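Step one of this worksheet: look at the structure below.
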Amino acid sequence: MSEKELNNGASMEEEKISKDFIRQIIDEDLKEGKNDGRVHTRFPPEPNGYLHIGHAKSICLNFGLAKEYGGKCNLRFDDTNPVKEDVEYVDSIKEDVRWLGFDWEDREFYASDYFDKLYEYAEDLIKQGKAFIDSCSAEEMKEHRGTPTQPGTESPYRNRPVEENLDLFRRMKAGEFKEGEHILRAKIDMSSPNMNLRDPAIYRIKHASHHRTGEKWCIYPMYDWAHGQSDALEMITHSICTLEFENHRPLYDWCLEQLNVPSNPRQIEFARLNLNYTIMSKRKLLELVQGKYVDGWDDPRMPTISGLRRRGYTPESIRNFSEGVGVAKRNNIIDIAKLEWAVREDMNKRAQRAMAVLKPLKLTLTNYPEDLVEEIEAVNNPEDESMGTRMVPFSRNLFIERDDFMEDPPRKFFRLAPGREVRLRYGYIIKCEEVVKDPGTGEVIELLCTYDPETRSGTGTSTRKVKGTIHWVSAGHAINAEVRLYDRLFNHENPAGDKEGRDFKEFINPDSLEILENCKLEPYLKDMKTGDKCQFERLGYFCVDTKYTTKEKLVFNRTVTLRDTWAKISKQK
RNA sequence: UGUCCCGUGGUGUAAUUGGCAACACGUCUGACUCUGGAUCAGAAGUCUCCAGGUUCGAGUCCUGGCGGGACAACCA
């Protein structure tokens with residue numbers, strides 16, 4: 001390649017890079033020499049639930065930014081509300097972030113690490129006369145707050161002397177009061193059009209045990225008092241959060257302005273990820289789990305990271321998806337097809353292929369020798385020659401997919417039908433000579449076919465063309481497995497945002513899980529381990545379930561179907 | 001009758017910061033094919049929410065509308 005071409009290539013590539021608004025902000029900050037040229041982000045989940053695909057977007061953004069700019073990204077648990085939080089969630093979050101492929105190194109932090117400091121900051125604010133102890137009830141406070149269109153009124157306790165505030169606050173800390181008796185509020189502006197500035201609560205009494213600090217505290221900082229300060233203490237430069245915190249930014253900045261903090265983080269808000277046919281709120285996901293509508297947080301139908309993992313999604317596909325959706329400030333609902341595309345894209349290149357019959361139909365080759373077993377060579381992955389080939393046993397008695405036979409086929413059905421020919425993948429061309437039915441029910445129970453010995457695949461003699469190729473498994477060699485097919489959990493495109501206000505649970509898809517007990521797999525698959533993935537040819541990508549697989553029984557989850565043109569054609573009818 | 005944020009093909013994101021609206025997913029053709037997969041080639045679809053204004057020139061700037069979202073936890 002000439003130097004000119006190289007230059008062109010480089011400049012063209014640079015031209016192609018269009019940066020999202022966050023990267024543009026960071027570029028500007030860097031250009032202006034802010035933060036000594038550092039980029040330091042953080043991913044700050046509250047450990048009150050499992051992470052979902054929306055968090056994945058945030059994780060990829062925060063850790064991705066740090067990587068791109070040669071900076072760092074912290075993992076910080078925003079654990080300021082002990083009654084909702086639990087170590088179970090801490091552990092799952094760490095597992096999920098790690099699984100996605102990100103490393104916070106030694107920077108695992110907790111807002112609770114800063115409780116002492118946050119308390120000091122609060123005393124500081126009181127001493128400055130910018131915070132006061134309110135002794136109103138929650139109801140009274142609510143009345144005083146006003147509405148978005150009407151200003152609030154000041155609390156009768158607002159002008160308590162500093163010394164009294166300090167004394168009360170210390171006694172709150174010492175546990176002298178019951179929950180709700182007193183509360184620390186910042187003294188800002190009760191008539192602010194921004195509700196967050198109407199003397200927001202910053203410290204409340206909670207006689208609750210905290211999953212990390214135990215009984216040490218009975219007062220806990222509110223999010224607004226903890227988050228910015230935690231960012232500053234961790235020397236975060238860009239504090240990236242979702243849109244609903246936009247109105248909190250003035251408060252975030254206000255808090256930091258009052259205090260002598262070690263750095264000056266900047267909050268930036270972006271639009272959270274939404275997927276159609278999916279819910280994405282922790283509260284609602286929790287409801288599904290607790291109401292046993294699903295099998296747990298890691299149910300393969302859940303949009304949680306652990307659910308997607310169990311379903312067979314790869315970290316690469318989720319990262320790729322997260323980057324593909326982009327970052328902006330407008331509300332969005334992304335088509336679930338985009339997520340599915342991302343796994344297919346990844347799996348197509350890497351997945352071992354194999355044959356599996358999910359709904360078996362007996363097929364006998366009447367002109368094939370009774371005791372002959374041939375070993376047929378099959379390609380492991382047409383996309384990757386280095387994965388080699390394997391041998392598959394072929395015999396007189398086979399199983400094929402029920403869906404691959406129709407007694408009275410419609411137009412454009414290329415598969416097996418009475419009198420029709422089809423190729424058995426990697427094997428021979430066969431012809432359906434006779435259909436055997438159950439005399440009672442009339443159900444098709446067996447196909448009697450003949451094979452053409454001249455047409456074995458790979459022999460060079462198989463010049464005949466047939467329209468269809470179907471997969472199969474030798475009945476005498478097949479191994480049994482259970483296969484679980486998943487469909488979307490909701491029938492409603494936007495279950496949480498129904499125009500008529502109906503509850504999201506009304507839209508649960510009753511057919512989202514189909515369990516097939518009697519599936520037949522080619523023997524090559526017998527050593528598959530939990531979590532292993534492969535493609536069942538013509539059917540989709542599958543993985544061995546981590547929960548229900550036992551020594552005796554293999555259980556597969558269908559991650560996603562293959563793109564299915566026939567399904568589209570037949571649905572149109 | 002508030003404040004803040006946001007309006008670009010079906011969906012999502014761009015547009016070198018004022019210069020012929022592009023990319024991805026989806027959709028539809030066709031080629032190829034021993035996976036109705038993959039791959040390849042191609043097509044349709046946005047005149048940028050509306051109305052004014054500034055300008056030689058506006059998706060981009062200004063004004064006014066309209067529409068959507070967030071905010072009235074001692075949640076985060």
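By convention in this document, chain letters (A, B, ...) are assigned in the order of the sequence lines, proteins followed by strands, and residues within each chain are numbered from 1. Owing to the predicted nature of the structure, the values given are computational and were not obtained by experimental measurement.
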Over all strands shown, is A/R198 touching base, sugar-phosphate only, or nothing at heavy-atom distances under 4.0 angstrom? nothing
Between atom [atom1] of [X] and atom [atom2] of [Y], what is the distance when rounded to the nearest 0.5 Å?
X: A/R456; Y: A/I429; atom1: CZ; atom2: CD1; result: 14.0 Å
X: A/K467; Y: A/R423; atom1: NZ; atom2: CZ; result: 15.0 Å
X: A/Y252; Y: A/H227; atom1: OH; atom2: NE2; result: 6.0 Å

Residues in ring-ring contact (aromatic ring centres under 6.0 Å, His included) contact with [X], at least two apart in sequence or another chain:
X: A/Y157; value: none
X: A/F109; value: none
X: A/Y451; value: A/Y368, A/Y428
X: A/Y313; value: none

Using a cutoff of under 3.5 Å, can you pull out all pairs of nitrogen or oxygen atoms linking the protein to nucleotides 43-50 of chain B, with atom names and distances?
none

Can you check nucleotides 72-76 of chain B for protein contacts, nitrogen or oxygen pairs under 3.5 Å, and list what you find?
| unit_1 | atom_1 | unit_2 | atom_2 | d |
| --- | --- | --- | --- | --- |
| B/A72 | O2' | A/R145 | NE | 3.3 |
| B/A73 | OP2 | A/R145 | NH2 | 3.4 |
| B/C74 | OP2 | A/R145 | NH1 | 3.2 |
| B/C74 | N4 | A/C136 | O | 3.2 |
| B/C74 | N4 | A/A138 | N | 3.4 |
| B/C74 | N4 | A/G180 | O | 3.1 |
| B/C75 | OP2 | A/R204 | NE | 3.0 |
| B/C75 | OP2 | A/R204 | NH2 | 2.8 |
| B/C75 | OP2 | A/K206 | NZ | 3.3 |
| B/C75 | O3' | A/R204 | NH2 | 3.0 |
| B/C75 | O2' | A/N81 | ND2 | 3.0 |
| B/A76 | OP1 | A/T80 | OG1 | 2.6 |
| B/A76 | OP1 | A/R204 | NH1 | 3.4 |
| B/A76 | OP1 | A/R204 | NH2 | 2.8 |
| B/A76 | OP2 | A/Y223 | N | 2.9 |
| B/A76 | O3' | A/D78 | OD2 | 3.3 |
| B/A76 | N6 | A/H248 | NE2 | 3.1 |

Out of A/R425, A/E537, A/R538, which residue meets the side chain to side chain donor-acceptor pair (under 3.5 Å) rule with A/H471? A/R538
Sorted by number, residues from residues 337-346 of chain A placing a heavy atom under 4.0 Å from RNA chain B are A/K338, A/W341
Pair A/R249 + A/E269: basic N to acidic O under 4.0 Å: yes
Do the side chain of A/K282 and the main chain of A/E46 share a donor and acceptor less than 3.5 angstrom apart? yes
Suppose we screen for salt bridge (Lys or Arg N to Asp or Glu O under 4.0 Å). Which residues come up paired with A/D79, at least two apart in sequence or across chains? none
For A/R160, the salt bridge (Lys or Arg N to Asp or Glu O under 4.0 Å) test, sequence neighbours excluded, returns A/E164
Quick one: stems for RNA chain B, with Watson-Crick or G-U pairs under 3.5 Å, at least three in a row? B:2-7 with B:66-71, B:10-13 with B:22-25, B:27-31 with B:39-43, B:49-53 with B:61-65
Within the sub-3.5 Å range, which N or O atoms of nucleotides 4-8 of chain B have a protein N or O partner, and how far apart are they?
| unit_1 | atom_1 | unit_2 | atom_2 | d |
| --- | --- | --- | --- | --- |
| B/C5 | O4' | A/E246 | OE1 | 3.4 |
| B/C5 | O4' | A/E246 | OE2 | 3.4 |
| B/C5 | O2' | A/E246 | OE2 | 3.0 |
| B/U8 | OP2 | A/R330 | NH1 | 3.4 |
| B/U8 | O4 | A/R330 | NH2 | 3.2 |

Atom pairs, protein N/O to nucleotides 27-30 of chain B N/O, distance under 3.5 Å:
| unit_1 | atom_1 | unit_2 | atom_2 | d |
| --- | --- | --- | --- | --- |
| B/U27 | OP1 | A/K568 | NZ | 2.7 |

